[in-house]
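This report concerns only the one structure given below.
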Amino acid sequence: SLVFVAVDFIAAMLIRSTGRTLQMARNRSLKSLDLTKSVNNSVNVSAGDTASLIYLWNPWTIITCVGSCTSPIENLMVVIMLHGACSRLAPLAAFGYVMATHLSLYPAILILPVALLLGYGPDTPPTKVFLQKGLSANKIDMSDNGKGTSQKGFGQFSWKPILHFILWVFIWSCYVLSLNSIILNKVGGLQEMFEK
């Protein structure tokens with residue numbers, strides 16, 4: 001039971017770190033779009049602190065720790081995956097993804113959000129703000145010289161982190177399956193595991 005409490009505490013710290021990373025990325029993108037008034041006027045409530053406290057003091061989390069259920073380990077792997085994606089660390093995101101999908105198949109549906117976080121990065125401004133700022137910049141540029149220019153650097157999708165992620169998913173999957181093969185060698189091996 002103490003091990004599961006430690007696992008939940010680690011997950012809460014990663015949630016806190018991810019929240020701070022996303023909040024700093026939001027502030028950077030708003031400042032780069034010359035929306036410093038929005039950054040200065042916003043209430044500085046740390047989303048990471050709030051989310052980690054809600055996670056730790058959730059009655060369901062406490063019950064699963066007392067009951068020695070494996071869901072805290074699954075939650076930790078999902079948090080590791082999301083933290084790796086927000087930090088653009090493809091090996092860490094892939095490790096969390098492989099382990100989470102190995103423990104339960106439900107986290108497999110998180111492949112799209114992870115791919116978007118890795119491809120766009122956490123500091124991509126919201127599309128609505130980007131389009132509004134881009135339209136106002138185009139109107140100013142057209143009135144100045146008659147030619148509209150578009151802002152680049154934001155909202156561009158990069159395939160390199162996605163391919164890096166896929167490579168690491170393959171490596172971690174092979175590693176986990178080889179360990180499973182060794183462990184399950186005496187009881188039927190991987191074939192029996194996949195059948196069940």
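Predicted model only: the values in this text are computed from it and were never measured.
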* Asked: For the residue pair Trp172 and Tyr175, does the interplanar ring angle fall in the parallel (under 30°), tilted (30 to 60°) or perpendicular (over 60°) class?
  -> perpendicular
[X] and [Y]: same hydrophobic cluster, using ILVMFWY side-chain contacts below 4.5 Å?
| X | Y | value |
| --- | --- | --- |
| Val98 | Tyr106 | no |
| Val176 | Phe170 | no |
| Leu167 | Leu117 | no |
| Trp168 | Leu112 | yes |

* **Euclidean distance, Leu118 CG relative to Leu163 CG, rounded to 0.5 Å** => 11.0 Å
* Asked: From Met99 CE over to Glu74 CD, what is the distance, rounded to the nearest 0.5 angstrom?
  -> 10.5 Å
Under 3.5 Å: donor-acceptor pair, side chain of [X], backbone of [Y]:
| X | Y | answer |
| --- | --- | --- |
| Tyr97 | Ala108 | yes |
| Ser181 | Leu177 | no |
| Ser87 | Gly84 | no |

* Asked: Hey, mind stepping through Leu76 and Leu14 against side-chain contact (heavy atoms from CB on, under 4.5 Å) and telling me if it holds?
  -> CA-CA 9 Å; Leu76 176 64; Leu14 285 174; 4.1 Å; yes
* Does the separation of the ring centres of Phe157 and Trp159 fall below 6.0 angstrom? -> yes
* Quick one: does Pro91's side chain get under 4.5 Å of His164's, heavy atoms only? -> yes
* Asked: Side-chain contact, heavy-atom cut-off 4.5 Å: His83 with Ser17?
  -> yes
Provide the closest heavy-atom pair for [X] versus [Y] in the form atom of the first, atom of the second, distance.
| X | Y | result |
| --- | --- | --- |
| Ala93 | Ala85 | CB-N, 3.7 Å |
| Val78 | Ala100 | CG2-CB, 4.0 Å |
| Ile162 | Ser158 | CG1-O, 3.9 Å |
| Gly96 | Ile80 | CA-CG2, 4.1 Å |

* Asked: Which is it for Phe165 and Ile111 under the side-chain contact (heavy atoms from CB on, under 4.5 Å) test, yes or no, and what are the steps along the way?
  -> CA-CA 10 Å; Phe165 174 76; Ile111 190 72; 3.4 Å; yes
* Determine whether more than 12 heavy atoms belonging to other residues, nucleotides or ligands lie under 6.0 Å from atom CG of Leu179. => yes
* Intermediate values then yes/no, side-chain contact (heavy atoms from CB on, under 4.5 Å), His102 and Asn180 -> CA-CA 11 Å; His102 178 71; Asn180 282 338; 2.7 Å; yes
